Amino acid sequence: MLTLASNDFMKRYVQESDPVMRADLLEVVDMMALIAPEAELVSNVGIPCFQLNGNWLYGVAARSDHLCVYFSDLSVIYSFADRLPHVQFGDDCLIIYQLEDINLNVLVELFGQIKVHFLLNNRKPSELIQKNILA
């Protein structure tokens with residue numbers, strides 16, 4: 001398993017989180033890092049967030065008894081509702097009480113879909129021009 005525990009912010013964040021949620025927190029952060037290895041782990045909003053090209057992709061907040069997983073594009077997450085029955089859908093996040101209760105393959109697929117939508121919606125003008133020329 002890849003771990004970002006060497007990052008100073010992550011070390012502090014994990015140490016300050018409830019011990020019950022630490023393993024799940026690290027696993028979710030590791031999944032995000034595996035899906036978006038080119039993304040930068042940032043802490044400018046007080047939680048671990050991943051950014052690509054200066055825009056945030058996703059992040060996770062540890063609470064006393066659950067994780068809140070935030071996404072840059074909420075339009076994708078609701079299509080996963082039937083496949084993530086033990087996840088609560090909040091107004092702007094997924095709420096995970098126990099990672100062991102959910103299908104991790106589906107969660108990783110969701111992270112991948114979020115990244116795909118992010119990349120499609122955040123293409124640079126030069127990429128759009130090149131795509132149109134090659135079409």
Side-chain angles (χ1 to χ4, degrees):
M1 175 194 299
L2 170 71
T3 185
L4 298 171
S6 61
N7 178 295
D8 288 337
F9 168 74
M10 275 302 298
K11 282 182 185 178
R12 283 191 312 278
Y13 192 83
V14 169
Q15 288 172 348
E16 292 171 4
S17 67
D18 193 302
V20 173
M21 299 310 301
R22 287 179 186 164
D24 286 356
L25 170 65
L26 286 171
E27 191 162 354
V28 168
V29 170
D30 287 347
M31 282 187 246
M32 291 174 172
L34 287 170
I35 296 298
E38 70 280 20
E40 177 185 7
L41 178 63
V42 297
S43 61
N44 53 356
V45 294
I47 63 171
C49 288
F50 287 87
Q51 281 186 335
L52 281 172
N53 304 324
N55 296 309
W56 78 282
L57 179 59
Y58 27 60
V60 59
R63 305 297 185 229
S64 62
D65 67 343
H66 65 277
L67 298 176
C68 292
V69 181
Y70 299 94
F71 300 100
S72 59
D73 184 350
L74 297 175
S75 65
V76 177
I77 68 172
Y78 298 105
S79 65
F80 283 78
D82 292 341
R83 297 173 59 205
L84 292 169
H86 297 289
V87 171
Q88 183 178 346
F89 288 77
D91 291 335
D92 58 355
C93 66
L94 290 182
I95 300 168
I96 300 172
Y97 289 96
Q98 291 185 355
L99 203 54
E100 67 185 26
D101 291 340
I102 65 172
N103 185 329
L104 297 182
N105 292 326
V106 175
L107 186 59
V108 167
E109 182 184 342
L110 174 58
F111 290 155
Q113 287 295 315
I114 295 294
K115 181 181 175 185
V116 167
H117 281 256
F118 175 88
L119 292 173
L120 289 173
N121 292 327
N122 290 287
R123 288 183 282 187
K124 298 175 186 170
S126 61
E127 292 171 340
L128 295 173
I129 292 169
Q130 184 177 12
K131 179 184 173 197
N132 289 334
I133 290 172
L134 296 175

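Nothing here was measured: the structure is a model prediction, and the numbers come from that model.
- In terms of hydrophobic clustering, with Ile, Leu, Val, Met, Phe, Trp and Tyr side chains grouped at heavy-atom distances under 4.5 Å, L107 and Y97 are assigned to different clusters.
- Between Q88 atom CD and H66 atom NE2 the span is 8.0 Å, to the nearest 0.5 Å.
- The CD1 atom of I114 sits 8.5 Å away from atom OH of Y58, with the distance rounded to the nearest 0.5 Å.
- Cluster membership for M10 and V42, using ILVMFWY side-chain heavy atoms within less than 4.5 angstrom, is not shared.
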Working note: L110 + F71, criterion side chain to side chain contact (heavy atoms under 4.5 Å, CB included); need CA distance, chi angles, decisive distance, verdict. CA-CA 10 Å; L110 174 58; F71 300 100; 3.8 Å; yes
In sequence, state the C-alpha distance, the side-chain angles, and the governing distance for V45 and W56, and then conclude on side chain to side chain contact (heavy atoms under 4.5 Å, CB included). CA-CA 10 Å; V45 294; W56 78 282; over 6 Å; no
Could you walk me through whether L34 and F111 pass the side chain to side chain contact (heavy atoms under 4.5 Å, CB included) check? CA-CA 10 Å; L34 287 170; F111 290 155; over 6 Å; no
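- Qualifying salt bridge (charged side-chain N to carboxylate O under 4.0 Å, His left out) partners for E38, counting only residues two or more places apart in sequence or in other chains: K115.
- More than 12 heavy atoms of other shown residues, nucleotides or ligands fall within 6.0 angstrom of atom CG in N44.
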Hey, mind stepping through V29 and V14 against side chain to side chain contact (heavy atoms under 4.5 Å, CB included) and telling me if it holds? CA-CA 11 Å; V29 170; V14 169; over 6 Å; no
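- Under the 4.5 Å side-chain heavy-atom criterion for grouping Ile, Leu, Val, Met, Phe, Trp and Tyr, I95 is not connected to V87 through any hydrophobic cluster.
- One distance of note links CE of M21 with CG of L99; it measures 8.0 Å at 0.5 Å rounding.
- Rounded to the nearest 0.5 angstrom, L84 CG and I77 CD1 are separated by 9.5 Å.
- The two residues Y13 and A61 make their nearest non-hydrogen contact at OH-CA, 3.2 Å.
- In this structure, the side chain to side chain contact (heavy atoms under 4.5 Å, CB included) partners of D73, at least two apart in sequence or on a different chain, are S75, V76, H117, N121.
- In plain terms, the two heavy atoms of L57 and A36 that are nearest each other are CD2-CB, 3.7 Å.
- Between atom CG of residue L94 and atom OH of residue Y78 there is a gap of 8.0 Å, rounded to the nearest 0.5 Å.
- Counting all heavy atoms, side chain and backbone alike, H86 lies closest to I102 at CB-CG2, 3.9 Å.
- For the pair Y70 and I47, the minimum side-chain heavy-atom distance is below 4.5 Å.
- Considering all non-hydrogen atoms of both residues, A62 and L67 come closest at CA-CD2, 3.7 Å.
- Across all their heavy atoms, F89 and A81 have their closest contact at CZ-CA, 3.4 Å.
- Looking at every heavy atom in both residues, L41 comes nearest to P48 through CD1-CB, 3.9 Å.
- Taking OG of S17 as the start and CG of L26 as the end, the distance is 7.5 Å to the nearest 0.5 Å.
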